[in-house]
Every structure is written in structure tokens, then in C-alpha cells.
Amino acid sequence: MSSALDQRSAPPAGTARPVPPRRRTRLLALPEARWALAALVLFLLALPVYLLDGPAWVWGALFAAVYITGGWEPGWEGLKALKDRTLDVDLLMVVAALGAAAIGQVLDGALLIVIFATSGALEAVATARTADSVRGLLDLAPATATRLLPDGTEESVGAQSLAVGDTILVRPGERVGADGQVLDGTSDVDQATITGEPLPVAKRAGDEVFAGTVNGTGALRVRVERDPSDSVIARIVKMVEEASETKAPTQLFIEKVEQRYSIGMVIATLAVFGSPLAFGDTLQSALLRAMTFMIVASPCAVVLSTMPPLLSAIANAGRRGVLAKSAVVMERLGQIDLVALDKTGTLTEGTPRVTSIRPLPGTGLDEDGLLTLAAAAEHPSEHPLAHAVVGAARERGLHLPEATGFSSTPGEGVTATVEGRTVQVGSPSRLFTTSSHDKVVAEMEDTGRTAVAVLRDGRGVGVLGVADRLRPDAAATVAALTELTGRTPVLLTGDNERAARHLAAQVGITDVRAGLLPQDKVAGVKAWEAEGRRVLVVGDGVNDAPALAAAHCGIAMGKAGSDLALETADAIVVRDELATIPSVVQLSRTARRLVIQNLAIAGSFITVLVAWDLIGTLPLPLGVAGHEGSTVIVGLNGLRLLREAAWPRLSKDTA
């Protein structure tokens with residue numbers, strides 16, 4: 001087996017390691033974040049002065065600064081929306097905050113301003129991070145390639161200048177410069193970024209290779225088959241960008257009715273102010289009634305109906321290792337009715353391990369003896385299969401004798417001398433010359449394992465089975481998601497059909513889509529979405545990123561997840577605990593129920609207080625007390641999700 005060098009391999013002597021450009025936007029580089037931070041700091045400075053009855057000019061000036069720093073941007077956007085004959089909730093919030101300040105409720109208005117400024121900043125950060133990750137994906141494709149000229153000479157050219165029909169040379173350890181077909185050479189290519197396959201794939205003449213994948217120890221001559229702008233890696237970038245742009249607008253539950261509510265409240269406030277004047281009421285009395293109406297009808301309690309449950313759910317999930325990127329994400333998680341799971345690195349750990357050791361009869365070797373022989377020969381190799389074999393030997397505490405004369409043949413295996421005997425480890429199809437071992441090899445491959453042949457002095461002595469190990473909580477997670485959605489999750493993977501179906505059977509999945517490229521995963525997600533499904537995609541790799549972006553909601557596995565997947569996903573499972581996924585979905589549904597409860601409470605208070613103000617004479621202090629009381633009630637109700645007991649756990653039936 002060849003040595004697969006990844007992108008961190010040392011460059012050739014005498015060359016400088018390229019430094020990738022900084023692509024991550026700094027938090028405070030965003031104006032929304034700077035204004036929100038300024039508003040929050042000013043609010044925290046004003047709060048103790050106000051609560052301790054400090055000088056009014058001090059807390060007044062600080063609160064005024066809060067209104068300006070946190071409110072000018074949403075206010076300006078609201079005014080621009082008015083120009084387009086649209087009234088949005090941002091402007092309504094600013095007006096409500098100013099109205100609260102006008103009748104002495106300065107603290108309430110400032111708090112409302114801080115909440116909205118922070119929300120806008122979080123949305124700006126999420127947008128910038130997604131853009132950063134898409135730009136960073138371009139670093140996967142090499143900037144230059146070695147083009148072979150008709151006379152046999154070489155020239156270094158920009159990868160973007162390659163044309164269909166060009167022939168390029170891909171040296172050991174280099175990234176492939178373009179999508180193409182191998183003309184000559186043999187090597188193992190790590191194409192996990194494209195297909196998600198856990199092990200490098202042997203490539204020889206006639207096989208397809210993809211731009212951005214990492215070549216092993218063999219040299220390849222490749223004919224360019226696609227223009228660089230149409231390569232698979234370029235299409236991944238395009239798909240992520242398009243999916244991010246076309247994804248349904250992120251809206252909280254209450255924002256779906258913001259237009260009607262905003263317009264209705266403005267019209268009603270003007271009517272409450274103008275009608276008494278028309279019947280001879282005094283200006284001061286009419287203004288007082290209108291201001292009281294605006295306060296009791298303002299959506300402060302409605303806003304707090306939504307945010308505390310969702311923010312509490314986010315905090316609770318965060319303590320359990322699930323990071324939801326916004327309140328919108330937490331709301332959307334509870335809406336899903338179909339789950340699509342990636343295989344490698346999601347349902348499995350993403351690291352190959354030796355799962356079977358089969359000494360052949362008549363060799364005089366037991367399991368430890370066979371593993372010692374194979375591990376000693378593999379020890380100098382950097383191939384992932386070699387790491388698995390050596391790791392298994394170390395787990396058993398086996399002593400590995402020194403190997404000499406090590407050599408590696410791409411696509412075949414390794415050869416070394418161990419204790420005076422020639423040992424070969426590698427592909428059964430290449431090393432086994434008779435059919436006597438086919439049954440053992442077939443048994444392993446039929447169960448989704450990669451068979452590794454071991455020969456001693458040219459004679460087969462055993463077969464090792466290597467597989468990506470299933471996560472311990474995979475089956476329980478699939479069962480819980482099935483119970484939540486009423487449908488068994490679907491397996492979407494770039495791995496081969498046989499390995500995918502074997503693993504799916506272990507966890508109870510019946511719908512398997514294997515051998516998929518990134519665009520195939522996106523097509524599947526879009527087809528489900530077109531049927532009215534709300535799809536949750538769970539993945540970890542670059543090849544999963546377009547599907548994560550296109551889905552109603554996407555969750556990335558945090559430990560081994562690629563930067564693009566982590567930035568594109570709506571939520572991240574930090575500790576790679578699959579069982580937290582159904583739990584956070586259930587928590588989201590609980591939060592949505594609390595939101596509905598809170599809206600009913602807030603709506604009842606608003607209805608009663610507005611009716612009182614319109615029919616009778618509602619004293620302003622009583623109106624403020626009722627308004628604040630409803631705010632406190634819905635806030636406390638939402639904070640219930642901070643409790644430890646609020647976190648759902650897998651039932652005994654599914655665990």
C-alpha cells in the first residue's frame with residue numbers, strides 16, 4: 001500500500017511552504033457587531049446608575065447613547081423600507097422604544113434596542129462566516145499545475161489557465177490540478193473532500209480524478225477533461241453560494257405577521273390620537289391616551305414571547321455540546337420531518353480500524369502472530385490502512401520486530417523483510433495468485449470491510465478486515481429520529497453501495513443512496529423540499545456542505561468536520577455525540593410550544609389592556625404595570641428551558 005500524503009505533508013527541500021491568505025472575517029470588522037457591542041456596553045454602564053438612583057443626567061446620557069448606537073441602523077433601514085412602501089418590525093421597535101422613553105420607561109426602550117441590535121449583529125456574523133467558508137474552499141484547489149508539452153518538456157502554469165485536452169503531471173503528495181482522466185501511472189488518491197470515502201482510492205490508467213484531491217506516492221499523468229470553472233470543487237462552491245442565497249428567508253414565528261401587526265398598530269395609534277381630538281378632547285388628554293395605547297399594544301411582550309424560550313433552548317443545548325447558531329435555527333430544528341445522514345464521519349467515526357483477523361489454516365499463526373507480522377511490515381508506511389493495522393497491534397500490546405528493505409507499490413501494497421522473511425501486505429486481488437483464499441476475502445467484503453492480504457515468503461498466511469467503526473449511539477439515534485419524524489432517516493453517501501447497505505442494515509436504515517457526488521446530494525435534498533418536506537441534513541465533510549446549505553436545517557459533526565461544513569451548517573455537534581441530535585430536535589419542539597403559550601399570554605394581556613384603554617380610561621401607570629407584568633410572565637415561562645430537566649434524553653426503548 002502506498003503512503004498517502006495529505007495537505008500538511010512537508011514541501012520539497014528548498015521550497016517555502018505557501019501561506020494561505022487569511023479568509024476569516026474578524027468579528028469587529030462588521031459594523032453591525034461594533035454598533036451592537038457599543039450599545040450593550042453603554043447599557044451595562046447605565047443600568048447600575050439607573051437602578052441605584054444615580055444622577056439622572058448620567059444615566060440619561062448613557063441611555064440616550066444606547067438609543068443612538070443601537071437604534072440608528074435599524075431605524076435607517078426601516079426608513080428606507082418605508083420609501084419602498086414597506087413597514088418592517090425594526091422601525092416599529094425603534095418607535096416603540098422611543099415611545100417608552102417619551103413616557104418615562106427609558107430602561108424598557110433601551111433593553112429593546114439592545115436586543116434588536118444584537119440580533120442584527122448575529123445575523124451579520126453568520127452571513128460573513130458563510131461567505132468566508134465558501135472563499136476558503138477555493139484554497140483546496142491548487143493555484144498552479146505542471147503542464148506537459150507535446151515535446152515532453154514541463155511548464156508550471158496557473159491551474160485556472162488549463163484547458164480541456166491538456167496533460168498535467170501530478171507528483172507524489174501534490175493536489176490534482178483539474179478534473180480529468182489518468183493516462184499513465186498508478187497511485188492512491190485521497191478524495192474524501194469530494195466523495196467522503198474514508199480511504200484513499202487506487203487510481204490507474206482510465207480512472208477519473210478530481211481537482212483538489214491529494215495524490216499519494218505514485219506519479220500520475222492526467223488529461224484535463226473539464227474546464228477549471230466547471231470542476232467538481234468549483235461546482236461545490238457554486239452550489240453552496242446558490243443554496244445560501246435561495247434558502248427561505250430566516251424568520252422567527254412572530255416576524256411572519258410583522259407587516260400586518262406593524263401597519264395595524266401605527267394606524268390604530270393615529271386613530272386613538274386623532275379621534276378624541278375630532279370630538280373636542282384636549283391635545284394633552286388625546287396624546288396621553290395614544291401613548292398609553294402604544295405602550296400597551298407594543299410588541300415588547302410578543303418579542304420576549306419568542307426569544308427567551310429559543311435562547312434558553314440554545315443555552316441548554318450548548319451545555320450538551322450542540323451549538324445552534326441563532327434563535328432562527330433553534331426554531332427551524334423543530335420543524336423537520338425528514339432526516340438525511342452522511343455515512344463516513346457521521347454515522348461512523350471516520351477512522352479505519354482493524355475489525356477482523358483471519359489467519360489461514362496451516363500457517364502456524366494465531367491472531368496476534370498474524371497482526372504482528374502485518375504491523376511490522378506496515379510500520380514505515382503512512383497509508384491510513386497501515387495506521388489501522390499498526391494501531392490494532394499497539395492496542396493489543398504487541399511487540400513489533402524491526403522491518404528492513406521496506407518498499408511500497410501504489411495500488412498493490414508494501415513489502416518488507418521481517419525477521420529474515422519477506423512479508424507482503426496489500427490488495428488481495430494483486431497479491432493472492434490462487435482462488436483458495438477468495439471465500440475469506442468475499443466474506444469480509446460482503447460485510448462492508450476492506451480486505452487486506454498478508455503473505456510470508458510468497459505464501460498467503462492470513463487476511464485482515466479493516467472498516468470504519470460505527471458510532472456507539474448510531475442505532476439509537478436512528479430509532480429516535482424515526483420516532484420523532486415518523487420516517488426512517490435516509491443514508492446519503494459517496495461511499496460504495498455494498499459498504500453503505502451493510503452499515504445501514506446495522507442501524508435500521510432502509511433507504512440508501514450511495515456513490516453520490518455533492519451535486520447528487522443537493523438534488524436529493526431539493527427533490528424532498530419540492531415535495532413539501534423539511535429536511536435535516538447531518539454531515540461533516542466538504543462534500544456535504546452544499547446539501548447542508550440547501551436543506552431546511554443542517555447539522556455538522558464538530559470534531560472531524562471540515563471548515564466549510566462547520567460554517568455552512570446551522571448547528572454543530574461539538575463532541576460528535578449523535579444522540580444529541582434527536583434531543584435537540586425535541587428541545588426545539590418544546591421551545592416552539594412555549595413560544596405559542598407565550599404568544600397566547602401576551603396576546604391576552606394586550607387585548608385586555610387595549611380594550612380597557614379604548615372603552616374606558618386606563619391609567620398610564622396601570623397600563624405600564626400590565627405591560628411589564630406580561631413581559632415578566634412570558635420571560636420567566638421561556639426561561640424554564642434552562643433547567644437540566646428540560647433536556648430530552650433518548651427513551652429506554654430507543655437507547
Side-chain angles (χ1 to χ4, degrees), residues 1-7 9 140-141 168 170-223 225-226 231-233 236 342-345 348 350-353 378 381-389 408-414 425-431 441 444-445 448-453 465-468 493-500 502-503 514-518 520-521 540-544 562:
M1 284 170 289
S2 65
S3 171
L5 303 178
D6 64 11
Q7 66 207 51
S9 299
L140 291 176
I168 60 174
V170 186
R171 293 186 172 88
E174 291 184 345
R175 288 189 177 273
V176 179
D179 287 5
Q181 185 180 66
V182 177
L183 297 177
D184 183 48
T186 304
S187 186
D188 290 329
V189 177
D190 180 358
Q191 52 187 38
T193 54
I194 302 298
T195 65
E197 293 170 285
L199 297 172
V201 179
K203 298 290 184 180
R204 53 184 61 87
D207 290 339
E208 184 179 20
V209 291
F210 304 107
T213 55
V214 183
N215 187 24
T217 55
L220 298 174
R221 284 197 306 121
V222 177
R223 182 177 62 235
E225 299 286 345
R226 292 193 189 96
S231 68
V232 172
I233 201 73
I236 291 177
D342 174 47
K343 173 182 170 287
T344 305
T348 68
T351 304
R353 298 176 183 271
E378 289 277 29
S381 175
E382 295 183 5
H383 194 282
L385 285 180
H387 291 169
V389 173
S408 173
T409 303
E412 293 188 12
V414 302
V425 185
S427 168
S429 63
R430 298 281 181 163
L431 299 182
V441 172
M444 288 193 178
E445 292 181 342
R449 288 173 285 183
T450 299
V452 179
V466 180
D468 189 5
T493 178
D495 211 348
N496 67 80
E497 181 91 13
R498 185 165 54 183
H502 175 72
L503 181 135
L516 303 181
L517 289 175
D520 301 322
K521 293 186 177 184
D540 71 306
V542 168
N543 59 314
D544 299 315
S562 68

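The salt bridge (Lys or Arg N to Asp or Glu O under 4.0 Å) test applied to Arg449 returns no partner, not counting sequence neighbours. Residues forming a side chain to side chain donor-acceptor pair (under 3.5 Å) with Arg221 (at least two apart in sequence, or on another chain): none. By the side-chain contact (heavy atoms from CB on, under 4.5 Å) test, Arg223 is found to be paired with Gln181, Leu183, Glu225, residues two or more places apart in sequence or in another chain being considered.
Using a cutoff of 4.0 Å between basic side-chain nitrogens and carboxylate oxygens, Asp468 and Arg353 are not scored as salt-bridged. The pair Asp184-Arg204 fails the salt-bridge criterion, with no side-chain N (NZ, NE, NH1 or NH2) lying under 4.0 Å from an Asp/Glu carboxylate O.
Here the NZ atom belonging to Lys343 is positioned 12.5 Å from the CG atom belonging to Leu516, to the nearest 0.5 angstrom. Rounding to the nearest 0.5 Å places CG of Asp540 at 8.0 Å from OG1 of Thr348. Distance check: Asp188 CG to Ser408 OG gives 7.5 Å after rounding to the nearest 0.5 Å.
Without hydrogens or angle criteria, Asp179 side chain to Ala211 main chain gives a donor-acceptor distance under 3.5 Å. With hydrogens and angles disregarded, a donor-acceptor distance shorter than 3.5 Å links the side chain of Asn215 to the backbone of Gly218.
Of all heavy-atom pairs between Gly515 and Asp520, the closest is O-OD2, 4.4 Å. Contact record, Gly173 with Val214: O-CG1, 4.2 Å, taken as the closest heavy-atom pair. Pro428 approaches Val441 most closely through the heavy-atom pair CB-CG2, 3.9 Å. Contact record, Ala388 with Pro352: CB-O, 3.3 Å, taken as the closest heavy-atom pair. Closest heavy-atom contact between Ala178 and Ile168: N-CD1, 4.1 Å.
By the 4.5 Å heavy-atom criterion applied to side chains, Val189 and Phe210 are not counted as neighbours. The closest side-chain heavy-atom distance from Asp342 to Lys521 is below 4.5 Å.
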